[in-house]
Q: 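Below is one structure. I have some questions about it.
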Protein chains: 2
Amino acid sequence: MIEALRGQNFRLTPQRLEILRILASSREHPSVEQVFEEVRRRFPTTSLATVYRNILKLKELGQVLELGFAEGGNRYDGNRPFPHPHMVCIRCRKIMDPDVENLENLTERIASSTGFKIVNHRLDFFGICPRCQEADSA
Amino acid sequence: MIEALRGQNFRLTPQRLEILRILASSREHPSVEQVFEEVRRRFPTTSLATVYRNILKLKELGQVLELGFAEGGNRYDGNRPFPHPHMVCIRCRKIMDPDVENLENLTERIASSTGFKIVNHRLDFFGICPRCQEADSA
DNA sequence: CTATACGTGAAAATGATTATCATCTAATAT
DNA sequence: ATATTAGATGATAATCATTTTCACGTATAG
Ligand SMILES: [Mn+2]
Ligand SMILES: [Mn+2]
Ligand SMILES: [Zn+2]
Ligand SMILES: [Zn+2]
């Protein structure tokens with residue numbers, strides 16, 4: 001992933017490398033705020049704007065998948081930077097990657113039946129995660 | 001749909017009825033701004049806040065489906081107020097309802113494999129609509 | 001008709017994201 | 001190592017959709 005950055009005239013600053021590392025290592029689909037707090041552990045002077053800027057760059061380079069939400073902050077996946085389904089817990093806001101077969105069939109069928117040239121898709125399931133279900137019954 | 005409102009202590013104001021009518025009759029998945037402009041044709045003093053408030057109520061009553069987008073305004077479907085796939089043109093922002101078989105199978109499979117209790121879902125395909133493809137080749 | 005909640009209009013507040021700008025620094029050449 | 005410079009950062013202001021506030025208006029019940 002670092003290689004993807006070297007291509008352009010991108011500098012490898014400590015903040016940038018740390019943001020990279022956090023996004024690549026986390027499976028939690030972190031928010032900007034979460035990345036910000038984690039970067040600050042190592043580089044306490046880091047600005048929130050820097051986190052936004054670097055995530056934007058990585059998104060443009062196709063190294064990070066952005067999960068935009070109309071309410072509440074966006075979330076990011078640095079492990080699977082391509083469209084895939086997500087499970088969103090409406091209680092604790094945890095986001096998981098379920099194991100599910102690909103949607104190429106569905107995509108192609110919709111493309112041919114509507115005449116759209118499909119370039120992207122988004123599939124989210126909203127519900128209550130197992131842990132929050134336990135909390136309910138307790 | 002008007003009946004759904006009578007249930008509670010909801011008053012049937014002219015603005016409210018007009019917003020209702022617009023959402024129920026439009027197949028274009030209008031934005032708040034579009035509803036606002038249309039309401040103003042008949043009731044020129046209507047406030048934008050009133051449009052937001054009434055759409056919120058209808059959403060809470062399950063009479064309108066909200067399509068939230070992280071960037072740009074949200075869009076609303078008053079014809080199919082239940083989860084269904086959408087085709088979003090990334091050029092002209094038009095949104096269509098494609099004809100597609102139901103996703104109950106997929107939903108159930110994901111629910112059982114992840115332990116989630118799924119209460120909602122969202123499936124969007126992003127691409128270029130036929131009309132914008134023509135504009136491209138011209 | 002009167003009374004009373006609910007609704008409205010106007011404007012301010014909110015919250016996430018983006019833009020601005022002076023300063024800093026990583027990368028490269030000398 | 002030093003100088004150069006284009007890109008990066010930090011702090012702050014601006015943006016934009018949406019929500020909140022509050023004084024006033026009005027639909028509805030009695
Ligand atoms: Mn993911
Ligand atoms: Mn629809
Ligand atoms: Zn949960
Ligand atoms: Zn189009």
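Fair warning: this is a prediction, and the values are worked out from it, not measured in the lab. Just so we're on the same page: letters track the sequence lines, and every chain starts at 1.
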Q: How close or far is atom P of D/dT19 from atom CD1 of B/I55, stated in whole angstroms?
A: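 It works out to 10 Å between those atoms.
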Q: I'd like to know if B/R53 reaches the base of D/dT21 with its side chain such that a donor and an acceptor end up less than 3.5 angstrom apart.
A: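 In this structure, the two groups form a donor-acceptor pair.
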Q: Closest heavy-atom contact between A/P30 and A/Q34?
A: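 Closest heavy-atom pair between A/P30 and A/Q34: CA-OE1, 3.1 Å.
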Q: If we ignore angles and hydrogens, is there a donor and acceptor under 3.5 Å between the side chains of B/D97 and B/H86?
A: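 There is such a pair (donor and acceptor under 3.5 Å, judged by atom type) between the side chains of B/D97 and B/H86.
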Q: Measure CZ/B/F36 against C1'/D/dC16 and give the value in whole Å, please.
A: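 Interatomic distance, CZ of B/F36 to C1' of D/dC16: 15 Å.
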Q: Do any side-chain nitrogens or oxygens of A/K57 fall under 4.0 Å of OP1 or OP2 in D/dA8?
A: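 Result: yes.
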Q: Is the ring pair A/H84/A/H29 parallel, tilted or perpendicular, if the boundaries are 30 and 60 degrees?
A: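 Judged by the thresholds at 30° and 60°, the geometry between A/H84 and A/H29 is tilted.
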Q: Starting at atom CG of A/L56, determine the distance to atom P of D/dT9, rounded to an integer number of angstrom.
A: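 Rounding to the nearest Å, CG of A/L56 and P of D/dT9 are 12 Å apart.
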Q: Counting the atoms with a prime plus P, OP1 and OP2 as sugar-phosphate, which does A/Q15 contact under 4.0 Å by heavy atoms, base, sugar-phosphate, or nothing?
A: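 Since only primed, P, OP1 and OP2 atoms lie under 4.0 Å of A/Q15, the category is sugar-phosphate.
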Q: Between B/T13 and B/V32, which residue's closest nucleotide on DNA chain D lies nearer the 5′ terminus?
A: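 The residue whose closest nucleotide sits nearer the 5' end is B/V32.
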Q: Whole Å only: how far is the CZ atom of B/F10 from the P atom of C/dT8?
A: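 After rounding, the reported distance stands at 11 Å.
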Q: Salt-bridge test for A/E18 and A/R21: reply yes if a basic N is under 4.0 Å from a carboxylate O, no otherwise.
A: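 Yes, charged N to carboxylate O under 4.0 Å.
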Q: Does the ring of A/F69 carry A/R122 above it, NZ/CZ under 6.0 angstrom from centre and within 45° of its axis?
A: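 Yes, A/R122 sits over the ring of A/F69.
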Q: Examine the base of C/dA5 for any acceptor or donor lying under 3.5 Å from a partner atom in the side chain of B/R11, and report the outcome as yes or no.
A: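 Present.
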Q: Expressed as a whole number of angstroms, how long is the span from A/I19:CD1 to D/dT9:C1'?
A: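 My rounded result for the distance is 10 Å.
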Q: Would you tell me if any nitrogen or oxygen in the side chain of A/N54 comes within less than 4.0 Å of OP1 or OP2 on D/dA8?
A: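 No, because none of the side-chain N or O atoms of A/N54 sits under 4.0 Å from OP1 or OP2 of D/dA8.
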Q: Of A/A49 and B/T46, whose nearest nucleotide on DNA chain C comes first from the 5' end?
A: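 Going by which nucleotide is closer to the 5' end, it is B/T46.
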Q: Mind calculating the distance between CD (A/E18) and C1' (C/dA26) to the nearest angstrom?
A: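 Interatomic distance, CD of A/E18 to C1' of C/dA26: 18 Å.
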Q: Find the distance B/Y52:OH to C/dA13:P and express it as a whole number of Å.
A: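 So the two atoms are 18 Å apart, to the nearest Å.
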Q: On DNA chain D, compare the nucleotides closest to A/S47 and B/P14; which residue's is nearer the 5' end?
A: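 Of the two residues, A/S47 wins.
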